[in-house]
Each structure stands twice: as structure tokens, then as C-alpha cells.
Amino acid sequence: MGRAYHQHISSALLQSLPPGCSLLDLGCGTGLFMRRYGENGGDAVGLDISRGMIENARGRCNGFEFCMGTAEELPFRDNSFDAISCLLAFSYLRHPSRMLAEASRLLKPGGRIAVCTLSRNMLTSLVPAIYRLGELIDIRHVGVGDFGEQYYTEDEMVILFSEAGFLDISVKRVSFAHISLKKPIFEIARKMEPFVEQRMPSLAYNILVAGRKPGLIGGRTP
Amino acid sequence: MRRRLLSILCCPTCKGDLELQVSEETAEEILEGVLRCSGCRIDYPIHEGIPDLLPRGTVPE
């Protein structure tokens with residue numbers, strides 16, 4: 001269940017990133033996204049604050065490199081990566097603008113970033129409970145504090161990306177984006193409850209935000 | 001970690017160079033060692049092949 005949810009989000013992220021390049025995955029967890037990225041070639045480095053997660057990821061992603069660290073103070077040199085991904089860990093950052101500034105520093109000119117984060121909407125009040133349950137199936141793998149997650153609107157994410165200097169910013173909703181929220185939340189919640197209990201991670205609304213660092217990739221127009 | 005990772009690593013705090021000191025290594029990777037930032041006077045450990053570059057200083061709010 002959690003795997004299906006991850007698969008759905010990671011597919012959306014893959015479409016926003018150049019294939020077969022050098023990737024940095026922030027909050028890599030157990031390496032699920034890195035492994036998928038590597039299916040089309042390329043090289044990846046995973047960063048996570050948790051040693052345990054990295055130990056798991058190393059078993060899953062032979063040949064990729066890993067490093068313990070925090071996304072807000074990244075231990076990599078300028079212009080080191082073609083692409084940066086961040087699945088869900090973004091929601092747990094205390095200083096998201098600092099992470100984006102760091103990501104911009106690390107990307108090569110023309111490099112791309114794609115972030116998937118929890119979104120703020122009518123169902124937001126449900127999400128913390130959902131994620132508490134989500135721990136049971138190992139989807140909440142970012143390990144940053146206790147439920148200190150932040151929810152962002154599309155507009156807030158665009159502003160954050162713009163302030164970090166990214167261009168060509170795109171925003172879209174993934175996972176349950178198709179649900180129309182015209183009814184009062186309690187009615188939805190009541191209807192969804194059995195489903196939530198079984199497939200809670202899917203109910204977390206997510207938005208995918210992608211952008212490009214100014215400049216040309218290897219002298220080519222991106 | 002493989003040695004090639006060192007070429008893109010830096011101190012998370014000052015972004016300065018890191019000096020590698022290896023205490024155990026296989027043909028493929030460094031298992032145990034230290035990544036030293038001389039500017040911050042901090043040793044970031046490499047343990048069981050995983051470099052720990054979590055910032056040691058106080059993170060400014």
C-alpha cells in the first residue's frame with residue numbers, strides 16, 4: 001500500500017527531472033526513488049538524517065553513494081548535480097527556504113529540482129492522523145522531528161521556489177488530486193474513514209513543484 | 001563511501017574542503033575514517049561506509 005503510494009508520487013517526480021544524470025535525493029529514506037531513477041541510467045547520491053534508512057537504502061541501491069546530513073545545510077560543493085529530488089521530506093523542514101537556496105547552490109546551471117510535499121487544503125486536518133497511522137507501513141521515512149510537518153499551498157511553493165531563483169516553475173497536485181472537495185469536510189471524512197484506515201498514505205494531498213536553475217546545461221538550451 | 005564521492009563533498013557548515021583520513025578500506029570503498037574540516041575543527045566520521053555529515057554546530061534559527 002505504501003509502496004503503491006510511493007510509486008505514484010515517484011512517477012510524477014521522474015517526469016520532472018532529466019533522466020540518466022547525476023541526482024541528489026534529499027531525504028532518500030530507504031532508497032526507493034533512487035532505485036527507480038537509476039533504472040534509466042545515471043548516478044545518484046542519497047542524503048538522509050537517519051543512518052538506519054541509509055543502511056537500508058545501500059542494500060537496495062548498489063553502486064550509489066549515501067551520506068548522512070540535513071537538507072538545510074548540505075555537505076556538497078557548488079554545481080555538483082544535474083538534478084535534485086525531494087519526496088515528502090520537504091514537509092518536515094524547519095527552514096524550507098534554506099533548503100531551496102542550498103539546492104540552487106548545488107545544482108549545475110540549467111539543473112532541475114522537483115519537490116513533492118504535503119499540501120494545505122480542506123483535508124489538512126486529517127493528515128497528521130493519517131501520517132501517524134502511516135508510520136505503521138513505513139511511509140513516513142524522513143525522520144525529522146515528531147509530526148512537525150508543514151503544509152503548503154501551491155502559491156506558497158511557487159513563492160519559495162521563485163525566491164530561491166528557480167525558473168520555469170511548475171506546480172501540480174498528485175495523489176488524490178482528483179477528489180472534488182465540494183462537500184463539508186466531516187462528510188468526506190466520514191465516508192473516507194474505512195478507506196483511510198486501510199490506505200491512509202494515499203489520502204495525504206501532495207503537490208509536486210519543479211523548477212530549473214538559471215543557465216544552460218553544458219552550453220545547450222534546456 | 002567510494003573515494004570519488006570526496007570530490008563533491010564539503011563541510012556542511014562552512015562549505016570548506018574536507019581532509020580524508022582512512023582507517024579501514026576495501027578495494028571498493030572506505031569503511032572507517034574521518035572527514036576533517038580544518039576551518040571548523042570538526043571531524044565528521046565515516047562509519048561502516050557511511051559518512052556522517054550532519055552539522056555539529058548550532059544551527060541558527
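So that the names make sense, note that chain A is the first sequence line, chain B the second, and so on, each numbered from 1.
Two residues are said to be in side-chain contact when any heavy atoms from C-beta on lie closer than 4.5 Å; A/Val45 and B/Ile8 meet this criterion. At least one side-chain heavy atom of A/Arg77 sits under 4.5 Å from a side-chain heavy atom of B/Asp17. The closest side-chain heavy-atom distance from A/Met68 to B/Ile46 is not below 4.5 Å.
Shortest non-hydrogen contact noted between B/Arg4 and A/Asp43 is NH1-OD2, 2.9 Å.
A/Asp78 CG to B/Cys10 SG: the interatomic distance, rounded to the nearest 0.5 Å, is 7.5 Å. One distance of note links CG of B/Leu9 with CZ of A/Phe76; it measures 6.0 Å at 0.5 Å rounding.
Checking each of B/Pro55, B/Pro12, B/Cys37 against A/Pro75 for a side chain to side chain contact (heavy atoms under 4.5 Å, CB included) leaves exactly one that passes, namely B/Pro12.
For A/Glu102, the part sitting under 4.5 Å from any heavy atom of chain B is the side chain, from C-beta outward, and nothing else. At a 4.5 Å heavy-atom cutoff, the contact between B/Leu53 and chain A is made by backbone and side-chain atoms alike.
With respect to A/Glu73 and B/Lys15, no salt bridge is recorded, no charged nitrogen being found less than 4.0 Å from a carboxylate O.
The neighbour count for B/Glu28 CD, taken as heavy atoms of other residues, nucleotides or ligands under 6.0 Å away, does not exceed 12.
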